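Please read all numbers here as calculations on a predicted model, not as lab measurements. Each chain gets a letter, A, B and so on, in the order the sequences are listed, and its residues count up from 1.
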Number of protein chains: 2
Amino acid sequence: MMAAVSANADAPRPAAPPPEHGKAARRSASWTIAHTADDTDRPSGSQSIQRAFVLLNLVGVLARDRPDGVSLAELTRVSGRPKASVRRVLVALVAEGYVEQDPDTACYRLGLQAGVLGELAGHRAGDLSEVSTDSLIRIADASTDTTFLTVRHGSYGVCTRRQEGPGPIRNYALAVGDRHPLGVGAGSLAVLSALSDENVEAVLTATATTRSHYPGFDDETLRNLVRRSRQAGYALNDGRVIAGSWALGVAVHDAAGRPVAALSVASIAERFDPERRDELAALLQTEAETIHAALTRSQESRPARGQP
Amino acid sequence: MMAAVSANADAPRPAAPPPEHGKAARRSASWTIAHTADDTDRPSGSQSIQRAFVLLNLVGVLARDRPDGVSLAELTRVSGRPKASVRRVLVALVAEGYVEQDPDTACYRLGLQAGVLGELAGHRAGDLSEVSTDSLIRIADASTDTTFLTVRHGSYGVCTRRQEGPGPIRNYALAVGDRHPLGVGAGSLAVLSALSDENVEAVLTATATTRSHYPGFDDETLRNLVRRSRQAGYALNDGRVIAGSWALGVAVHDAAGRPVAALSVASIAERFDPERRDELAALLQTEAETIHAALTRSQESRPARGQP
DNA sequence: GATCAGTGGTCCACAATATGGACCGTTGCG
DNA sequence: CGCAACGGTCCATATTGTGGACCACTGATC
């Protein structure tokens with residue numbers, strides 16, 4: 001666990017919120033995640049809504065492995081917003097059923113409607129998540145490591161699925177719901193590397209402020225990583241996000257050929273010697289191609305919009 | 001299909017939105033659903049957030065069986081709000097990734113983050129949905145009819161799960177995400193009937209304005225239905241919501257003994273002769289008890305909040 | 001090809017709405 | 001018994017969201 005938090009993009013005030021990643025304060029999260037989409041965006045008349053959803057994401061991610069939920073204090077700390085505001089929003093979310101408050105601990109976790117929304121969104125046939133489940137399972141089985149599906153969303157990558165492998169090694173560097181700038185993490189880097197140079201630059205500028213919270217991911221480093229990934233045919237994260245935690249990713253292209261996601265496998269550094277890298281890359285590439293084919297197929301059968 | 005829509009509670013202006021349920025206008029929905037929680041609630045400083053989530057629910061429900069999504073026009077029509085406002089909120093939702101807009105049709109459907117949220121909320125062990133899946137499958141198999149799990153949320157009931165039976169009869173009266181006042185529909189009525197008289201009255205007043213859109217569900221009728229349900233030991237919806245579509249429901253109690261949900265089975269009127277009613281009621285009651293037991297068990301094992 | 005009803009999308013003066021610093025009542029630690 | 005950290009509440013303020021009016025486009029229908 002120890003999963004990723006903080007640094008809301010909208011308040012450029014330094015605010016000095018995260019006491020570095022040194023001795024992690026309290027039981028709160030120790031590191032950074034991007035909760036909102038673009039830094040570049042112009043809120044233009046919906047700031048409160050944006051804040052509400054950022055907070056909702058935060059509740060989801062922070063309460064992920066905590067059945068009791070997240071405390072108001074932690075949410076205020078991590079969101080960097082005044083307590084009163086956070087609470088007001090939380091009350092609204094509770095009223096809507098998207099968040100529920102534990103009557104005993106007074107902590108917050110995702111509520112009924114969150115599940116309903118997932119139910120409504122999840123089983124969209126022809127959807128990426130839908131068609132990639134089999135691939136994820138195959139990769140996890142074959143590699144015996146933890147496998148991820150990262151989906152591109154604007155200039156960011158969101159982990160939308162995670163499949164544990166049968167092996168003894170567990171990797172907690174990435175979990176469903178985590179969001180990082182494109183380029184941070186193997187899958188995310190694979191997507192970035194599959195973009196045109198022009199788009200890469202656009203992403204770099206768009207994620208600049210967010211990336212200031214990620215040590216060791218400056219523009220130049222990322223450009224180098226992109227170059228290396230293109231050359232190798234796969235993206236390698238050699239412990240840059242969390243020391244000792246390595247991963248290897250390959251981009252997935254949609255029917256139109258655009259890189260919209262990535263498959264990746266994570267484990268400890270020792271399991272990424274050159275030979276195994278090639279094996280893994282081949283494995284991932286095959287499955288990425290399978291998914292691409294499935295997406296293309298389901299795209300072709302679209303125009304028919306029959307109905308009983 | 002033809003599933004349920006409209007009548008946002010916050011705008012008491014008559015507005016004459018739904019042209020009755022007669023010749024369904026356009027391809028839009030023909031009937032009513034409650035999208036927001038309480039009529040009684042005091043928005044107190046979060047009206048825009050409430051509106052955003054109401055709209056999000058609306059997108060989810062309306063786009064449910066429509067891969068292309070919902071048009072802006074339909075959303076404005078059905079939400080009863082000015083187009084500009086609806087659009088502004090939609091843009092915000094899109095920016096957050098909870099809604100996506102089809103680049104071709106310009107229609108809106110649930111987006112990436114909606115699925116992620118569901119993923120984060122869904123697999124909460126010890127959760128109601130989690131422990132009731134087996135029961136739903138068993139009921140659907142045994143009855144050969146469509147089976148539902150309805151969860152109480154305030155004075156309303158939300159359909160959170162739906163299991164098709166192997167039989168030839170399909171029922172489209174209720175689908176995941178649909179929300180109705182307690183008392184409307186078999187499962188919903190089962191929950192209402194399991195409440196104390198005092199609570200029943202509270203629900204009746206809370207849902208009064210919403211229920212004005214549901215013909216044939218006035219206070220007196222509901223009180224009669226509650227009385228009948230308590231006597232029979234099960235709730236019967238004899239085609240009151242949609243003609244010819246009957247259903248039978250039984251309440252599910254949580255570890256503390258409160259009725260928090262209901263199991264129900266729906267089919268055509270012909271399949272609800274007295275004998276079969278008793279069979280179904282017994283079946284549902286057994287499963288409701290099973291779920292209750294599971295909830296109690298998982299509740300007891302709670303206090304231990306260990307962590308590596 | 002002009003009309004019209006229907007889309008999706010944009011603008012901006014106005015005030016209702018969300019904001020957040022200050023404050024209160026508890027709890028639990030030293 | 002302070003003291004710190006907690007959840008929760010208040011309310012004057014101006015920032016924020018509001019929504020009527022308007023534009024451009026499309027495709028029936030006359």
Tell me the interatomic distance from A:Asp102, atom CG, to D:dG7, atom P, rounded to whole angstroms.
13 Å
Nearest-angstrom distance from the residue atom CZ of A:Arg81 to P of D:dT16:
10 Å
Give a yes/no answer on whether the side chain of B:Gln47 brings an N or O atom under 4.0 Å of OP1 or OP2 in C:dA15.
no
Think B:Gln50 has a side-chain N or O under 4.0 angstrom from the OP1 or OP2 of D:dG17?
no
Can you tell me the distance, in whole Å, between the CG atom of A:Leu75 and the C1' atom of D:dC6?
13 Å
Tell me whether the side-chain N/O atoms of B:Arg88 come closer than 4.0 Å to OP1 or OP2 in D:dG17.
no
If you measure only the distance, is there a donor-acceptor pair under 3.5 Å linking the side chains of A:Tyr156 and A:Thr210?
yes
Taking OP1 and OP2 of C:dG8, is either one under 4.0 Å from a side-chain nitrogen or oxygen of B:Arg87?
no
If only side-chain N and O atoms of B:Arg77 are considered, is one of them under 4.0 Å from the OP1 or OP2 phosphate oxygen of C:dT7?
yes
Within less than 4.0 Å of OP1 or OP2 of C:dT19, is there a side-chain N or O belonging to A:Ser85?
no
Rounded to the nearest 0.5 Å, what separation is found between the CG atom of A:Leu192 and the CG atom of A:Asn199?
9.5 Å
If we only count heavy atoms from C-beta on, is the B:Leu182 to B:Thr207 side-chain gap below 4.5 Å?
no
Could a donor-acceptor pair under 3.5 angstrom be found where the side chain of A:Lys83 meets the base of D:dG7?
yes
Whole-Å distance separating the CG atom of B:Asp104 from the C1' atom of C:dG8
15 Å
Would you kindly compare A:Cys107 and A:Ile49 by the position of their nearest DNA chain D nucleotide and give the one closer to the 5′ end?
A:Cys107
Mind checking the CG-CG spacing from B:Leu55 to B:Leu75? Nearest 0.5 Å is all I need.
5.5 Å
Name all pairs fulfilling the ring pair (Phe, Tyr, Trp, His ring centres under 6.0 Å) condition that reach into residues 59-105 of chain B, sequence neighbours left out, sorted by first residue then second.
A:Phe53-B:Tyr98
What is the distance from CZ of A:Arg51 to C1' of C:dT17, rounded to the nearest Å?
13 Å
Side chain of B:Gln101 only, heavy atoms from C-beta on: which candidate in C:dG8, D:dG19, C:dG20 is closest?
C:dG8
Side chain of A:Tyr108 (C-beta onward), nearest among D:dG8, C:dG8, C:dG21:
D:dG8
Nearest nucleotide by nearest heavy atom, which residue falls closer to the 5' end of DNA chain D, A:Ser48 or A:Ala84?
A:Ala84
